[in-house]
Visitor: 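My structure is below; once you've seen it, I'll send some questions.
Throughout, a chain's letter reflects where its sequence line sits, starting with A, and its residues are numbered from 1. No hydrogens, no waters, no symmetry mates; every other heavy atom, side chains included, goes into these values.
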2 protein chains.
Amino acid sequence: MPPTIYDIAKQAKVGIGTVSRVFNNHPSVAEATRSRVLKVAARLNYQPHPYARGLARNRTNSVLAIIPFFTTFFFLEILQGVQAKLGQLDCDLILYGVNHPDQVEASLRHNALRSRVDGILFFSMSMPDAFADQYLQHKIPVVLVDAFHQNFDSLSVENQQGAYIATKHLISLGHTRIGMLNANLESVPARERLKGFQKAMREAKIALEPRLIRKSTSARLDGFTRESGYELMKEFIALGKSMPTAMFISSDIQAMGALAALTETGLRCPEDVSLVGFDDIEIAGHLGITTMRQPMYEMGVLAAEILAKRMQHPQSEVTHTKFVPKLIVRKTCGADLSQPALVAEHVA
Amino acid sequence: MPPTIYDIAKQAKVGIGTVSRVFNNHPSVAEATRSRVLKVAARLNYQPHPYARGLARNRTNSVLAIIPFFTTFFFLEILQGVQAKLGQLDCDLILYGVNHPDQVEASLRHNALRSRVDGILFFSMSMPDAFADQYLQHKIPVVLVDAFHQNFDSLSVENQQGAYIATKHLISLGHTRIGMLNANLESVPARERLKGFQKAMREAKIALEPRLIRKSTSARLDGFTRESGYELMKEFIALGKSMPTAMFISSDIQAMGALAALTETGLRCPEDVSLVGFDDIEIAGHLGITTMRQPMYEMGVLAAEILAKRMQHPQSEVTHTKFVPKLIVRKTCGADLSQPALVAEHVA
DNA sequence: CCTTCTAGTGGAAGGGCTTCCACAAATTTA
DNA sequence: TAAATTTGTGGAAGCCCTTCCACTAGAAGG
């Protein structure tokens with residue numbers, strides 16, 4: 001029912017090839033012809049059919065994003081960045097949310113190999129080996145975000161560096177009795193964040209007391225939960241006098257739980273204990289949690305850019321980009337908010 | 001490079017028509033032939049090319065979701081529902097996030113009229129008239145979610161009914177001095193929620209005191225902000241002795257601000273004042289806010305179902321579905337959580 | 001003035017599928 | 001046994017583009 005290239009050709013009294021060239025900005029079309037075609041096209045409200053185009057060009061102009069739905073926050077913002085960029089590239093975003101790692105395979109099978117998309121953005125999950133091989137073999141462009149694989153472009157966050165900055169911030173505020181409340185060490189980010197904490201402490205020549213470094217053993221979400229924060233903080237509180245005066249917590253969601261535990265015990269933050277979290281989820285702002293922010297929007301934009309590059313140059317060298325999170329100073333660390341200089345120092 | 005229907009046909013020693021019929025579950029294929037074709041297809045890892053299919057069938061098997069990115073929470077969950085259903089229908093979800101109402105038109109123009117999708121899910125925004133007309137005229141299936149238009153299928157939440165339930169809950173807890181902290185009355189939901197509040201009060205024969213009903217005048221997000229909750233609660237607190245003992249707040253995000261104002265003043269919730277919010281955003285759970293939950297996942301599923309129906313029967317009668325939100329009892333209302341019966345009564 | 005380019009142009013072929021029509025073989029019916 | 005179905009099947013045509021090759025007319029060159 002909508003007009004086709006033939007309708008335009010007929011009415012503009014040109015061949016279909018010419019119409020096609022006009023719509024693809026091919027240089028060898030006389031200016032007079034071009035404008036005549038465009039006028040007819042506008043009148044008939046013609047748009048090239050994307051599927052016919054895709055079939056003929058063997059390109060789909062769409063990108064698949066596979067994201068874990070089970071960890072919500074974080075993604076909407078990245079997706080905004082992704083989409084901003086894809087829009088510029090005239091690409092559509094197909095979203096596939098996964099509720100369980102098992103579904104990953106289904107989605108990969110369903111979409112990609114059916115040559116439905118030109119490239120794939122793969123978030124926060126580990127790519128099953130079988131598919132990694134297949135993609136590499138078929139040269140399907142893939143970019144991993146918040147994930148890593150030797151042979152694919154990836155974007156991720158410098159967890160260690162972030163933890164280091166957070167810890168140094170606490171040290172710079174004069175604390176010497178600093179603890180860390182960590183997630184399950186099964187998780188790579190948890191291990192990296194621990195390393196960053198240790199590094200900052202060592203550099204400041206503060207002894208690492210094992211009992212001031214506590215980690216979740218929960219399997220659920222690798223311990224990145226409100227509950228784990230609550231429980232571990234209760235353990236810290238039970239230390240009584242030897243409780244830390246400041247703590248680095250491996251995620252904001254755990255910091256929330258920790259905060260609840262403090263309030264419940266009648267302890268105040270930052271007066272009795274200073275906290276710095278990690279992630280800068282939305283709630284952190286509302287609760288005044290000082291934290292390490294990941295530049296999500298920017299990551300999204302860059303992810304799309306890298307994917308586009310990979311689509312153009314399939315053979316170019318694989319890149320691994322690391323983002324350094326930024327310290328966002330709020331209330332829970334007890335820093336003097338009227339001294340921006342102090343803050344800036346730790347941002348760099 | 002990937003195998004085509006011709007490759008399968010040749011290797012299975014059948015015609016392409018037969019292969020096609022096998023993949024479309026057409027009944028008139030002999031069982032022996034079918035299994036032979038499937039075996040070859042499996043061996044070559046064949047998948048029908050979706051674009052070729054789309055072109056031939058004049059169907060795309062994909063749906064466009066246009067969502068406002070600027071109001072975040074709420075959507076991921078609906079999208080999960082949408083996608084669960086679309087997956088069953090073997091449909092892909094194309095996501096178009098809008099950061100500003102102006103972009104709506106761009107997205108509509110870009111995608112739909114290029115016959116790129118079979119249907120559209122349109123979230124929480126008002127459909128520009130020009131497009132409404134176009135869609136109706138071209139019979140493009142559209143379902144509005146959390147929005148309304150006479151001529152399109154829509155799904156929305158019974159705000160009035162929800163507010164009514166929330167208020168009755170407070171009344172049933174024995175309160176008689178009940179206030180309402182509302183968003184900007186420019187917004188339709190704010191007006192509806194006010195009506196529900198008034199209705200419950202009238203039914204309980206409690207006089208409506210104007211000074212206990214306060215609304216935001218902010219334009220930003222129609223006053224559905226943490227700040228408006230904070231400021232209005234300060235006003236309530238300033239009432240001193242005549243402050244309400246219980247309040248219905250038009251959104252959880254405002255309830256957060258209100259809570260902060262209370263804490264700051266040294267007042268406790270629910271001991272000094274009971275609160276019920278609206279929306280059940282993620283933070284509400286963490287903060288123990290009693291609230292009215294919108295069945296987001298279910299809405300997503302149903303939206304996809306209705307869209308599918310509309311695609312099958314373009315002429316069927318337009319439907320408008322209303323969801324009644326459900327009371328989620330937590331701490332801020334002061335209800336006895338050990339008495340589930342009490343809760344259940346108000347859920348129905 | 002004739003040749004050689006060049007800038008434009010037309011349209012066939014092809015991309016991978018669905019669908020329909022034609023037809024052969026097997027089965028039922030008279 | 002012949003006629004009338006029924007059951008499977010093959011493949012051309014068509015979906016709407018892009019791309020390439022062939023071609024024309026005018027410009028430039030000799």
Visitor: Select from A/Leu55 and A/Lys13 the residue whose nearest nucleotide in DNA chain C is closer to the 5' end of that strand.
Guide: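 Nearest-nucleotide comparison on DNA chain C picks A/Lys13.
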
Visitor: How about A/Lys13: does its NZ atom have over 12 heavy atoms from other parts shown lying under 6.0 Å from it?
Guide: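 Not more than 12 within 6.0 Å, no.
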
Visitor: Which of these, A/Val143, A/Ile120, A/Leu136, sits in a side chain to side chain contact (heavy atoms under 4.5 Å, CB included) with A/Phe152?
Guide: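 Exactly one pass, corresponding to A/Leu136.
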
Visitor: With sequence neighbours left out, what residues match A/Phe323 under ring-ring contact (aromatic ring centres under 6.0 Å, His included)?
Guide: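 Result, ring-ring contact (aromatic ring centres under 6.0 Å, His included) vs A/Phe323: none returned.
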
Visitor: Show every salt bridge (Lys or Arg N to Asp or Glu O under 4.0 Å) that has at least one partner inside residues 305-317 of chain A, sequence neighbours left out.
Guide: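 Only A/Lys85-A/Glu305, A/Asp153-A/Arg310 qualify under salt bridge (Lys or Arg N to Asp or Glu O under 4.0 Å).
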
Visitor: Listed by chain and number, what are the salt bridge (charged side-chain N to carboxylate O under 4.0 Å, His left out) partners of B/Arg59, not counting sequence neighbours?
Guide: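 In terms of salt bridge (charged side-chain N to carboxylate O under 4.0 Å, His left out), with neighbours along the sequence ignored, B/Arg59 is linked to no residue.
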
Visitor: When the C1' atoms of the five terminal pairs at each end define the local axes, what inter-axis angle does the helix from C/dC1-D/dG30 to C/dA30-D/dT1 show, to 10 degrees?
Guide: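 Inter-axis angle at the termini of the helix from C/dC1-D/dG30 to C/dA30-D/dT1: 40°.
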
Visitor: How close or far is atom P of C/dC17 from atom NZ of B/Lys10, stated in whole angstroms?
Guide: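 So the two atoms are 14 Å apart, to the nearest Å.
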
Visitor: Only pairs at least two apart or in different chains count here, so list each salt bridge (Lys or Arg N to Asp or Glu O under 4.0 Å) that has a residue in residues 15-25 of chain B.
Guide: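 For residues 15-25 of chain B: none.
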
Visitor: Per the side chain to side chain donor-acceptor pair (under 3.5 Å) rule, what does the pair list look like for residues 25-35 of chain A, sequence neighbours excluded?
Guide: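 Found A/His26-A/Ser28.
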
Visitor: Which residues, if any, of residues 18-25 of chain A bring a heavy atom under 4.0 Å of DNA chain C?
Guide: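 Those residues whose heavy atoms fall under 4.0 Å from DNA chain C, taken from residues 18-25 of chain A in numerical order, are A/Thr18, A/Arg21.
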
Visitor: Roughly how many Å is it from CD1 in A/Ile5 to P in C/dG10, rounded to a whole number?
Guide: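 Those two atoms, CD1 and P, are 12 Å apart.
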
Visitor: Do any of residues 30-41 of chain B sit with a heavy atom less than 4.0 Å from DNA chain D, and if so which?
Guide: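 When residues 30-41 of chain B is checked for heavy atoms under 4.0 Å from DNA chain D, the hits, listed by number, are B/Ala30, B/Thr33.
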
Visitor: Considering only heavy atoms of chain B and a distance under 4.0 Å, specify the first and last nucleotide of DNA chain D in 5' to 3' order that meet this criterion.
Guide: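 So the contact region on DNA chain D extends D/dG8 to D/dC16.
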
Visitor: Looking at A/Asp118 and A/Asn61, would you say the former's side chain and the latter's main chain have a donor-acceptor pair under 3.5 Å?
Guide: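 Answer holds: yes.
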
Visitor: Relative to each other, are the rings of A/Tyr51 and A/His49 parallel, tilted or perpendicular (30° and 60° limits)?
Guide: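 It falls in the perpendicular class, over 60°.
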
Visitor: List, one per line, each side-chain donor-acceptor pair under 3.5 Å for residues 36-43 of chain A, sequence neighbours excluded.
Guide:
from	atom 1	to	atom 2	distance (Å)
A/Arg36	NH1	A/Ala12	O	2.4
A/Arg43	NH1	A/Gln11	OE1	3.3
A/Arg43	NH2	A/Gln11	OE1	3.2

Visitor: Could you tell me which residues satisfy side-chain contact (heavy atoms from CB on, under 4.5 Å) with B/Ser154, sequence neighbours excluded, listed by chain and number?
Guide: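 With neighbours one apart ignored, the set is B/Leu144, B/Phe148, B/His320.
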
Visitor: For B/Tyr51 and C/dT18, is the shortest distance between a side-chain N/O and OP1 or OP2 below 4.0 Å?
Guide: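 Checking C/dT18 against B/Tyr51, no side-chain N or O comes under 4.0 Å of OP1 or OP2.
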
Visitor: On DNA chain D, does the nearest nucleotide to B/Ile16 precede the nearest nucleotide to B/Val29 from the 5' side, or the other way round? Give the residue.
Guide: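 By nearest-heavy-atom nucleotide position, the 5'-most residue is B/Val29.
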
Visitor: Could you list, one pair per line, each protein nitrogen or oxygen that sits under 3.5 Å from a nitrogen or oxygen of nucleotides 23-26 of chain C, together with the distance?
Guide:
none

